[in-house]
2 protein chains.
Amino acid sequence: MATLKEIAEMANVSLGTVDRVIHNRGRVAAETAARVRRIVEQVNYRPNILARSLSSAKTFHFGILVPFPEQDGNYWYLPRQGIDRAAEELQVYKVEIEYFPYDKYDENSFAAAAQQVLKNIHQIDGLLIAPVLSKAAEKFITQLPKRLAYIFLDSYIPRSHCLSYIGEDSFQSGLLAAKLMSLLTHDGKSAVIKAIPFNYHIEDRVRGYLSYFESKPSAKVFVFEASSQDSCSFQNAAAQILEHHPDIKGIFCSNACSFQVAKAVYASRRRIALVGYDLVKENIEWLEKGVIDFLISQRSEIQGYNALYRLYRAVALKEKIEPALYVPLDIVTKENLRYYQN
Amino acid sequence: MATLKEIAEMANVSLGTVDRVIHNRGRVAAETAARVRRIVEQVNYRPNILARSLSSAKTFHFGILVPFPEQDGNYWYLPRQGIDRAAEELQVYKVEIEYFPYDKYDENSFAAAAQQVLKNIHQIDGLLIAPVLSKAAEKFITQLPKRLAYIFLDSYIPRSHCLSYIGEDSFQSGLLAAKLMSLLTHDGKSAVIKAIPFNYHIEDRVRGYLSYFESKPSAKVFVFEASSQDSCSFQNAAAQILEHHPDIKGIFCSNACSFQVAKAVYASRRRIALVGYDLVKENIEWLEKGVIDFLISQRSEIQGYNALYRLYRAVALKEKIEPALYVPLDIVTKENLRYYQN
DNA sequence: AAGAATTGCGTGAACGATAACGCATAAGTA
DNA sequence: TACTTATGCGTTATCGTTCACGCAATTCTT
């Protein structure tokens, strides 16, 4: 691999000149610059990242705008773990992160976090945003300086200038859930518990689920709602379903609160197929107990890890990154669970 | 993070002395060494990897002993992809790899590859071994110099001094396959196609499969064999099964040759549940077509990637690494396939 | 006791990039 | 004309290691 020094020799200039050309720092004659650039192309120069981050005085500051970890049945701990892991690895590359957590059910809370970010915006080199509160987030990103890079995690805002989106394909994930339910119940009657308030992901999962069964009219599906803010709401909803639908064969829980549903199913002493989401601690316990049949995992830890890494690569290494990364939808059951933990 | 220079100042010695202490290069008074070591402990010194690999003249050479990529229905391309990806990333850290591929059905071929390795052994810093031919591999590792680090990929040799094993838990993987088959066929009669010649993994998968159904006597299971050396053998075996067992509900193919089985199932025009292994190209096609219902993937690409990375971390960074990494057993179906492809 | 070998320690040149600085020469301004 | 300012380019210190080298002081030879 060619070095700046070698290129300098080939172009009959000094190392400093090559450096100036590469970084467009000016103070180079047009002719010389062209000559250098040609050679740079020719030898397919790639800067040595090691040398760069060793020499560069620059520290990168990334802001992380995500919901409080406890929210959505402790779901938000998972991406955070991945973010923290990436941050640790990136320490040697002079990367520092700061969390600006918010309450995902409170626009004011998001606004306050956003305000914090904007206050220090000149010393922030990039943002990782989970735009769960889409309206508030949409407003926020218009207030960002144009140069500022940001990546969306988990959710997405169309027509934004985000560098990349990392998350699941929710529709397909609902479809997958339906396929599993179809196998478990032999296309029996099933209930969907939709988390409210409105969330793009959840809606999409439910749409995916319903669309799978559209072609199977024998498999009846009923949709119910439960509030993801109130931890008991899912349990109550499930209990209601079980009480009023003695012929129900399965329940699909559209978010990480599946353990609440499991409690109700367990209490009913009936054999009900249960498909849910995400490897939060309590879900894992109910999966092990055999009350939850399948959990669909969206590799939440990996999502966080990859998101921060991509932000780093885009901002620090100026790499072009893929506009979207759809993470695998892992099907987790009692039999393969242990290999997904950590 | 403390640097050598800082430690040197704290210990009232020069940078070079600290370096000698840390690397046990001698030429340091016992007293001085102790003093330096205490401070090194105290400040929890971690060498800066960037600076290290930038300055170090040392290039690491790792040998890769794996079967030819085409073997086992092109299976061995997958780990190789991961190894290559890791090698590319590790280039800046001065890592070079060399393949010593062998024919997994020919002990002589392995011996020849091993001979090649031994010939250049003094310039090799570590080995990645897929000890598929366990006897030959066992003999080989006794011939290695004691200092030489090696990691097992895919398969394992007990009582060896390997740094780590990376692969699947085959028994559990067979169990998982059985669970899926049980769902697909409602505990109907199923056939297992066991790949021969003898292979520890395959045996274990089959044992896992059978053990799952032991508790369900209604679900009859028959075991057949097919040679993984002869590409048509699986197709023929499947055709035989389908012909002689009109009441069969599902086939479990114990290795990556599942696409051969799919051909036979497709030709029979019967609706047969089919569970197989690994995301090789042809398997993916039959999964998309709906002939294969589930593929269990052992993250073969990731296996390769992680294996080389661990070898690097163990040898170059002298990190302690986990003695075993059981990769997740991914359940891949038509609905979530696309997110597993690369 | 004179010379050789060993021990203890410091020095300084890499590695490849960043970025400040300095110094000519050229162009613009009063 | 004498000055500032801009342009074009080279030089050099720095980041944190590695590692060869060199030079005393000490110890071992014979």
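Numbered from 1 within each chain, the chains take letters A, B, ... in sequence-line order. Reckoned from all heavy atoms, side chains included, excluding hydrogens, waters and symmetry mates.
- Side chain of Leu54(A), nearest nucleotide from dC19(D), dC9(D), dG16(D): dG16(D).
- At a threshold of 4.5 Å between non-hydrogen side-chain atoms, the residues Asp84(A) and Tyr99(A) count as touching.
- Here the side chains of Leu144(B) and Leu127(B) are in contact, with some heavy-atom distance below 4.5 Å.
- Glu301(B) pairs in a side-chain hydrogen bond (donor to acceptor under 3.5 Å, both in side chains) with only one of the listed residues (Arg80(B), Gln81(B), Arg85(B)), which is Arg85(B).
- When rounded to the nearest whole Å, the span between CD1 of Ile22(B) and P of dC19(D) equals 13 Å.
- Note: Phe62(B) and Phe60(B) have parallel aromatic rings, judged against thresholds of 30 and 60 degrees for the angle between ring planes.
- Under a 3.5 Å cut-off, the side chain of Thr142(A) and the backbone N or O of Lys139(A) do form a donor-acceptor pair.
- Residues from residues 23-44 of chain B placing a heavy atom under 4.0 Å of any atom in DNA chain D, listed by number, are His23(B), Arg25(B).
- Atom CD of Glu41(B) is surrounded by 12 or fewer heavy atoms from other residues, nucleotides or ligands within 6.0 Å.
- The closest side-chain donor-acceptor pair between Tyr339(A) and Glu168(B), if any, does not fall under 3.5 angstrom.
- Screening Phe68(A), Phe110(A), Trp76(A) against Tyr102(A) for a ring pair (Phe, Tyr, Trp, His ring centres under 6.0 Å) leaves a single residue, Phe110(A).
- Shown for residues 1-15 of chain B: residues whose heavy atoms fall under 4.0 angstrom of DNA chain D, namely Thr3(B), Leu4(B), Leu15(B).
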Practice prompt. Could you give me the CA-CA distance, side-chain angles and deciding distance for Arg338(B) and Asp169(A), then say whether side chain to side chain contact (heavy atoms under 4.5 Å, CB included) is met?
Written response: CA-CA 11 Å; Arg338(B) 74 183 83 164; Asp169(A) 180 339; 4.3 Å; yes
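- For DNA chain C, the outermost nucleotides in 5' to 3' order that have an atom under 4.0 Å from a heavy atom of chain B are dT7(C) to dG16(C).
- Summarising the geometry, the separation between NZ on Lys58(A) and C1' on dT14(D) is reported as 18 Å, rounded to the nearest angstrom.
- Among the heavy atoms of the strands lying under 4.0 Å from Asp19(B) is at least one base atom, whether or not backbone atoms are also near.
- A donor-acceptor pair shorter than 3.5 Å cannot be found between the side chains of Tyr45(B) and Glu6(B).
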